[in-house]
Amino acid sequence: MKNASLSNAFFTMLKRDLTLALRTRSEIANPLLFFIIVVSLFPLAVSPEESLLRTMAPGIIWVAALLATMLSLDSIFRSDFEDGSLEQMLLSPQPIALLVLGKIMAHWLVSGLPLILIAPILGISLFLPGEAMFALLATLALGTPVLSLVGSIGVALTVGLRRGGVLLSLLVLPLYIPVLIFASNAIATAAAGISIKGQLYFLAALFALAVTLAPMATAAALRISLR
Amino acid sequence: MASEYSAKQILEVQSLSCTREDRDLFSGLSFTLTPGHALQIEGPNGSGKTTILRLLCGLRLPDEGDILWNGQSIFEDRAEYLSNLAYIGHAHGVKGELTPLENLQVSQAMSAVESPISADEALEKLGLFGFEDAPSRTLSAGQRRRVALARLMLNPVPLWILDEPFTAIDIHGQKQIENMITEHVLRGGMAILTSHHPLDLSDDHLTSLNLAK
Amino acid sequence: MWSFIHKHASPKHFYLLAERLIPWLGWSTLILLVVGLYQGLIVAPTDYQQGESYRIIYVHVPAAWMSMFIYMVMATSGAIGLVWKIKMADAVASSSAPIGAAFTLLALVTGSLWGKPMWGTWWVWDARLTSELILLFLYLGFIALESAIEDRRTAANACAVLALVGVVNIPIIHYSVEWWNTLHQGATVTRFDKPAMATSMLIPLLIMALGFKLYYLYAMLLRVRVKILESEKDTTWMKELITGAKK
Amino acid sequence: MSEFFHMGGYAFYVWASYGLALVLMLWNVIVPIQRKKQQLTRIKRKLRHEQGNNPAA
């Protein structure tokens, strides 16, 4: 397997999924709109009072980011499963984990990246102090790929099921908890002006662990689901 | 015509058996496929035709028995076997949002074989001249299946496994596909297909397997 | 070596083995639990700080230990079933899930029942209780996935992957929750500590822990036996066994 | 004896914990035993049914 064909397979898969996502606009817009709406629910539900919202801002934004990613996970394999191209991918001599990594990266670019770009605006709407903005962006940049990677394992396990949606959240959300804890805490600590190196290192470690192990687990799960 | 594929590529199926919801579809199924031969599998719906093809591709594990490619089980060295195999299922995997050209580029990148002809030529061979750039969803079901079959032209592999390749194809198209298969087999390739469509291959090139209990 | 494992891992041998083991396990579990309860509830002295309420420990702590232990067993047997395709390993994993979930629930509720007299609230976001709660979600995810997939073998393999992913995440979740808990500790130490364990208090705990382990083996084998009856009902050896044993 | 049940005022908490433990542990024993009985009768009925229509077999 010449590595030229390996990288070619990876980038073709990435380009393929990106073109597919760009051609169905709604796939990008929905998670983003969901993210915005959920964040703007909290001031209505809790209180518009500044000091309260400021303390809750990190948690609100991160829980909303978690749920938005969860919603968009289904699109990674669902349409490919229905029209048989997932079968073709499993029958390719190229390593499946690599192809899966390409798909997950495309999913992150379509769902994770927009969240990062829009998060500062929502941060401002929740009175998040300026010092915390960097922490918000850094934690989202490190955390959302982990959400896509770990989420892809869950979606690979439930791709064959008709009503896999709710089950997916039960499988995946517990695995998101470490990311949620360190990310939302990092923003809160940064808001208080304290250095957040420790939290960022831990998030980076989770990212490294996820990017190496998750594609293999997803590949195994796909082979099982498509039996 | 010298066979393009080395003679030692043999597919051996040894006493394969498979059950579905504790109703055994078939058991003790054994056959050997050598270059220059085709196997046509017939049988009523639900008799496990598609299941056998999925077993032969290694997508599904048999309950008992084994499948060997060049004497080695296909479940051990997957990449080796898959680089010699092309499977076109009932759901053929052509993305509606992508154009035929884009679809072929993706399948080309995922195979490990250099393609002798360009994607355009492959599409032309399947009578899709002029449709290369239209999104596949605007094509008819038959045309979309031909885009899938064009993969066989683009990535030449010895073993073809085709599930009902003639569905939704018009008469003229069926002739074309039939020739494609017979040429492939006469060139020393191998094919396993489920279909009731008669293939004009002499008996020493074609064996049929009927699953009707 | 493989033939030995495959022979003993065959449903037939496993069933006969289980049939022989189950009565012994049942009785020894009962004896151990009775002795443990007697020691824990009667013999063990009253704790000078917590009075009698600390006796909940003899159910809470063994249950918490078991909830973790059983998830490890599920992940290992799932891996064995996934890699070596041994059906019995899948049966062990899926039989262990409900027992593990029950122990996790037991640990959670007894934890809250123990917390109430000490701090006046039913639930406190203590590190161990929170980890236990997340472990319960992992168990429920396992059970939900297994019941969602029709084909038995696919379900077993999918759950094995989930259990393996879960088992990799358990230490990470545990560390994160501990770290998160120390952050929000604040001044009042609501540490959820076992009282200083005098040996007379420790012995019943170990007896109960052993009793719970035997109980798990007993209950799991009961469930595995039913799974074998369901999956092997058409085999000749099963029919002979049933027709032969006319009891 | 009543002092024992009183559990130094914590009777409810202690006995609730042990009661729940008993219920959960019994449930995980009774359910499989019942399912075993049901499965056995189902297999026996199937066997009788099979022997019924081809007694020679």
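Computed from a prediction, not measured in an experiment: that's the story for all the values here. Below, read A as the first sequence line, B as the second, and so on, with proteins coming before strands; counting in each chain starts at 1.
Crowding of Lys46(D) atom NZ: a count of heavy atoms from other residues, nucleotides or ligands under 6.0 Å exceeding 12. Counting heavy atoms of neighbouring residues, nucleotides and ligands inside a 6.0 Å radius, atom CH2 of Trp27(C) does not exceed 12 of them. Heavy atoms from other residues, nucleotides or ligands lying under 6.0 Å from CH2 of Trp24(C) number 12 at most.
Considering only heavy-atom pairs separated by less than 4.5 Å from chain D, the leading option among Ala102(C), Ala63(C), Ser53(C) is Ser53(C).
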query: Can you list the steps and then say if Lys36(D) with Leu222(C) is a side-chain contact (heavy atoms from CB on, under 4.5 Å)?
result: CA-CA 8 Å; Lys36(D) 179 191 176 220; Leu222(C) 283 178; over 6 Å; no

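If you measure heavy-atom distances from Arg225(C) to chain D, the contacts under 4.5 Å come from the side chain alone. Only the side chain of Leu33(C) has a heavy atom closer than 4.5 Å to any heavy atom of chain D. There is no contact between Tyr216(C) and chain D, counting heavy-atom distances below 4.5 Å. For chain D, the nearby parts of Lys239(C) are the backbone and the side chain; heavy atoms of each come within less than 4.5 Å. Interface residue Leu24(D): backbone and side-chain heavy atoms are both found under 4.5 Å from chain C. With a threshold of 4.5 angstrom between heavy atoms, Val23(D) does not approach chain C through any atom at all. When heavy atoms are compared at a cutoff of 4.5 Å, Leu47(D) approaches chain C solely by way of its side chain, counted from C-beta outward.
In this structure, Ser17(D) and Leu113(C) approach most closely via the heavy-atom pair OG-CD1, 3.4 Å. What you find for Ala21(D) and Val59(C) is that their closest heavy atoms are CB-CG1, 3.6 Å.
A cation-pi arrangement, defined by a distance under 6.0 Å to the six-membered ring centre and an angle within 45 degrees of its axis, is absent between Arg55(C) and Trp15(D).
Aromatic ring orientation, Trp122(C) versus Tyr13(D): tilted (interplanar angle from 30° to 60°).
To the nearest 0.5 Å, the span separating CG on Asp234(C) from CD on Glu50(D) amounts to 7.5 Å. Atom OH of residue Tyr10(D) and atom NZ of residue Lys116(C) lie 11.5 Å apart, to the nearest 0.5 angstrom. For the atom pair CD of Glu232(C) and CD1 of Ile43(D), the computed distance is 10.0 Å after rounding to the nearest 0.5 Å.
Residues Arg42(D) and Leu229(C) fail the side-chain proximity criterion, which asks for heavy atoms closer than 4.5 Å. Under the 4.5 Å side-chain criterion, counting only non-hydrogen atoms from C-beta, Tyr18(D) is not in contact with Thr110(C). By the 4.5 Å heavy-atom criterion applied to side chains, Pro98(C) and Asn28(D) are counted as neighbours.
Remark: the backbone N or O of Met25(D) is paired with a side-chain donor or acceptor of Tyr215(C) at under 3.5 angstrom.
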